[in-house]
Amino acid sequence: MIKSPRGTSDVLPPESAKWIYLEGIVREVARRYNFDEIRLPTFEHSELFSRTVGETTDIVEKEMYTFKDKTGRDLTLRPEGTAGVARAFVEHGMASGPLPRKFYYLGSMFRYERPQAGRYREHRQFGVEIFGSPSPHSDVEVITLAMDIAEELGLTGTELYINSIGCPKCRGPYKEALIAYLTPHIDELCEDCRSRLTRNPLRALDCKSERCKALVAGAPSSLDYLCGECKEHWDRFREILTAVGIPYTVDKSLVRGLDYYTRTVFELKWPPLGPAGSTLCGGGRYDGLVEQLGGPPVAGVGFGMGLERMLLANEKGEKPIQAGGEIDVFIVCPKGGEGEDKGFEREARLQELARAFRRKGLRCDFDPLQRSMKAQMKQADRMNARFVVILGEDEFRSRSASVRSMRHGWQKTVPIEEVLATIEEAGQNG
RNA sequence: GUGGAUGUAGCUCAGUUGGUUAGAGCGCCAGGUUGUGGCCCUGGAGGUCACGGGUUCGAAUCCCGUCAUUCACCCCA
């Protein structure tokens, strides 16, 4: 048997209804914030990611789904969303248009890693990006957007962690200071961090090994090395958060695993998900990204949000999405006997009646296999039908049908032309 | 990539120290009611016991390998 590839999953009913609801929420919140949807390719030139996300990051080093197409182009299934949006922004000359520009996207991301709770090789992400605003108001705007989504989904007690990693200007001296601090302790560092020291020293900061954590606790903080402008941005950013009443925790070890970030980085966590996968959403500022991709200097800020995790959290939260469905009408129409010309005419009326309900916007179904009345009644019950219309031989002789309320149990026979009106009226009364 | 746990029916799981034809509950289909759902009763369909190899007279059971699932680590959404 062929199964879905490792780390991927099928979303089946009734679970798929939860996804429709979830996607509706994120779209709606994005709309309120005046973000427009952007739809982009699922794969890009590999170079886009290796250059922007960074050669030394885990994503590029070991997690990309990279392949060559038939003419040898080097392509990669997108591991994250921001790089592609920035690419499109530059490609379509949007820097010359009105700024700032606000986008959201919704789609699958791919990373080759071992699956576990809340982590998949293909996962769906919602993300937003604001181009052309260096203002800390935009940092706060994307954060409140994410928090509003969490709130709509009944997640109380989300925690916001923030940090600033500065710009290329202040990062140089900071890296030097960090290396100077760590080098004397090189023998105490874990193997990974030893190689990080030369390749990407910032990454040593969020190492989970106890010894490294202890060591790093005394390490210089990027916050102490911010240049004048970055410092101003950082201070103002926190002032606004405080002013609008959003609690936050400054986490000096929060660096995020992608190279394009500058200044603000943040994560929104929901502790009940457990330490392994409690990050609902992560993002930050990427002021050099557009320029790096050949565009003019245009500031940017945004986040990516893991939708599987949002759903997982929602199920544990205070407002779990209700997935069980019901239908409005089930039409019972058992197969006709020989005496009735096999019931062919009755079957034609069945199709007409079903279509009439559907055109009125009612969810309606019937049994195409024409099983016994009992079987069809069971089917109607299983589908949680509010009403059943019985189009049986007896009724049909007098051009009528029976309408039955499955909730209340009453049943009455009315002329076929009145069936629709009868149900609409009964439906009004619950 | 590293470590642990687990793979038996569509689902949740039994299966004795290795011993005939592998079971239950739920679900599905049908009948009990040849025109009426839920409750009840009866019957039926459905399994290469994850896959491959080994030990044995005999393997769902023991051993090895592979794959998958899952939890944790690394890292991340």
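Residue numbers start from 1 in every chain, and the chains themselves are labelled A, B, ... in the order their sequence lines are given, proteins ahead of strands. It should be emphasised that the depicted structure is a prediction, and the values quoted were computed from it without experimental measurement.
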S.K.: So, are A/Asp36 and A/Lys102 salt-bridged, with charged N and O less than 4.0 Å apart?
M.R.: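 No salt bridge links A/Asp36 with A/Lys102.
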
S.K.: Using the C1' atom in both, what is the distance from B/A59 to B/U8, to the nearest Å?
M.R.: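 14 Å, rounded to whole Å.
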
S.K.: I'd like to know if A/Glu352 pairs up with A/Arg355 as an ion pair, taking the criterion as any Lys NZ or Arg NE/NH1/NH2 lying under 4.0 Å from an Asp or Glu carboxylate oxygen.
M.R.: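 Answer for the salt bridge query: no.
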
S.K.: Do A/Phe303 and A/Leu145 have side chains that approach each other closer than 4.5 Å (heavy atoms only, starting at C-beta)?
M.R.: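 A side-chain contact exists here, since the closest heavy-atom pair is under 4.5 Å.
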
S.K.: What does A/Gln411 touch in the nucleic acid at a heavy-atom separation under 4.0 angstrom: a base, only the sugar-phosphate, or nothing?
M.R.: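 Base, at least one base heavy atom under 4.0 Å.
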
S.K.: So A/Gly7, base contact, sugar-phosphate only, or nothing? Heavy-atom distance under 4.0 Å.
M.R.: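 A/Gly7: backbone/sugar contact only, no base atoms under 4.0 Å.
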
S.K.: According to the Watson-Crick and G-U wobble definitions, with both distances under 3.5 Å, which nucleotide is paired to B/C67?
M.R.: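 Checking every strand shown, B/C67 finds its partner in B/G7, with both distances under 3.5 Å.
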
S.K.: Tell me whether the OP1 or OP2 atom of B/U70 has a side-chain N or O from A/Gln116 closer than 4.0 Å.
M.R.: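 Looking at the OP1 and OP2 atoms of B/U70, neither is under 4.0 Å from any side-chain N or O of A/Gln116.
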
S.K.: What I want to check is whether an N or O donor and acceptor connect the side chain of A/Arg114 with the base of B/U2 at under 3.5 Å.
M.R.: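 Looking at the base of B/U2, it does pair with a donor or acceptor on the side chain of A/Arg114 (distance under 3.5 Å).
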
S.K.: With sugar-phosphate meaning primed atoms plus P, OP1 and OP2, does A/Leu280 contact a base, only sugar-phosphate, or nothing at under 4.0 Å between heavy atoms?
M.R.: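 The answer is sugar-phosphate, as A/Leu280 gets under 4.0 Å only of primed atoms, P, OP1 or OP2.
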
S.K.: Remember a base hit wins even if backbone is also touched, and classify A/Gly127 as base, sugar-phosphate or nothing at under 4.0 Å, heavy atoms.
M.R.: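 If one applies the 4.0 Å heavy-atom cut-off, A/Gly127 turns out to touch nothing in the nucleic acid.
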
S.K.: Separation of A/Asp381 atom CG from B/G37 atom P, in whole Å?
M.R.: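 To the nearest whole Å, that distance equals 9 Å.
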
S.K.: Rounding to the closest angstrom, what is the interatomic distance between B/C11 and B/C49 at atom P?
M.R.: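 The answer is 16 Å between these two P atoms.
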
S.K.: What is the distance, rounded to the nearest whole Å, between atom OH of A/Tyr120 and atom C1' of B/U70?
M.R.: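 It works out to 11 Å between those atoms.
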
S.K.: Can you tell me which nucleotide in B/C76, B/C28, B/G35 comes closest to the side chain of A/Arg382?
M.R.: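 From the listed options, B/C28 comes nearest.
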
S.K.: Any idea which of B/A30, B/C74, B/A77 is nearest the A/Glu113 side chain?
M.R.: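 From the listed options, B/A77 comes nearest.
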
S.K.: With rounding to whole Å, what would you report as the distance between B/G38 and B/G32 at their P atoms?
M.R.: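 The same atom, P, in both gives a distance of 14 Å.
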
S.K.: Heavy atoms from C-beta onward define the side chain here; which of B/C76, B/G1, B/C75 lies closest to that of A/Arg256?
M.R.: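 It is B/C76.
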
S.K.: Find the partner of B/G44: check Watson-Crick (N1-N3 plus N6-O4 or O6-N4) and G-U wobble (N1-O2, O6-N3) distances, both under 3.5 Å, and reply none if neither fits.
M.R.: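 Check on B/G44: paired to B/C28, both distances under 3.5 Å.
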
S.K.: Can you find a donor-acceptor N/O pair under 3.5 angstrom joining the side chain of A/Gln376 to the base of B/U36?
M.R.: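 No.
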
S.K.: Under a 3.5 Å limit for both distances, which nucleotide forms a Watson-Crick or G-U wobble pair with B/G38, could you say?
M.R.: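 The answer is none; no pair meets the criterion.
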
S.K.: Would you mind telling me which residue lines up with the more 5' stretch of RNA chain B, A/Ser402 or A/Asp58, judged by nearest nucleotide?
M.R.: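 Closer to the 5' end of RNA chain B: A/Ser402.
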
S.K.: Can we say A/Glu113 and A/Arg119 salt-bridge, meaning some charged N sits less than 4.0 Å from an Asp/Glu carboxylate O?
M.R.: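 Yes, A/Glu113 and A/Arg119 are salt-bridged.
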
S.K.: Need one value for A/Ala380: base, sugar-phosphate or nothing, where a base atom within 4.0 Å counts as base even if backbone is also close, heavy atoms only.
M.R.: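 No contact.
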
S.K.: Side chain of A/Arg404 only, heavy atoms from C-beta on: which candidate in B/G37, B/G35, B/C71 is closest?
M.R.: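 Minimum distance to the A/Arg404 side chain belongs to B/G37.
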
S.K.: Could you grab the distance from atom CD of A/Glu129 to atom CG of A/Leu289, nearest 0.5 Å is fine?
M.R.: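 The CD atom of A/Glu129 sits 8.5 Å away from the CG atom of A/Leu289.
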
S.K.: Could you check which nucleotide pairs with B/C73 in any of the strands shown, counting Watson-Crick or G-U wobble with both distances under 3.5 Å?
M.R.: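 Its partner is B/G1.
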
S.K.: Strictly by Watson-Crick or wobble contacts shorter than 3.5 Å, is anything paired with B/G19, and which nucleotide is it?
M.R.: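 WC or wobble partner is B/C57.
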
S.K.: A/Arg6 has a side chain; which of B/C76, B/G35, B/U70 sits nearest to it?
M.R.: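 When the side chain of A/Arg6 is considered, B/U70 is the closest of B/C76, B/G35, B/U70.
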
S.K.: What's the CE-P distance between A/Met310 and B/C76, to the nearest Å?
M.R.: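 In whole Å, B/C76 P and A/Met310 CE are 20 Å from each other.
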
S.K.: Heavy-atom nearest nucleotide on RNA chain B for A/Gly306 versus A/Ser4: which residue maps closer to 5'?
M.R.: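 On the 5' side of the pair lies A/Ser4.
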
S.K.: Which value, in whole Å, describes the distance between the C1' atoms of nucleotides B/C29 and B/A9?
M.R.: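 B/C29 and B/A9 have their C1' atoms separated by 15 Å.
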
S.K.: With the threshold set at 4.0 Å, does a side-chain nitrogen-carboxylate oxygen contact exist between A/Glu122 and A/Arg111?
M.R.: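 Answer for the salt bridge query: no.
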
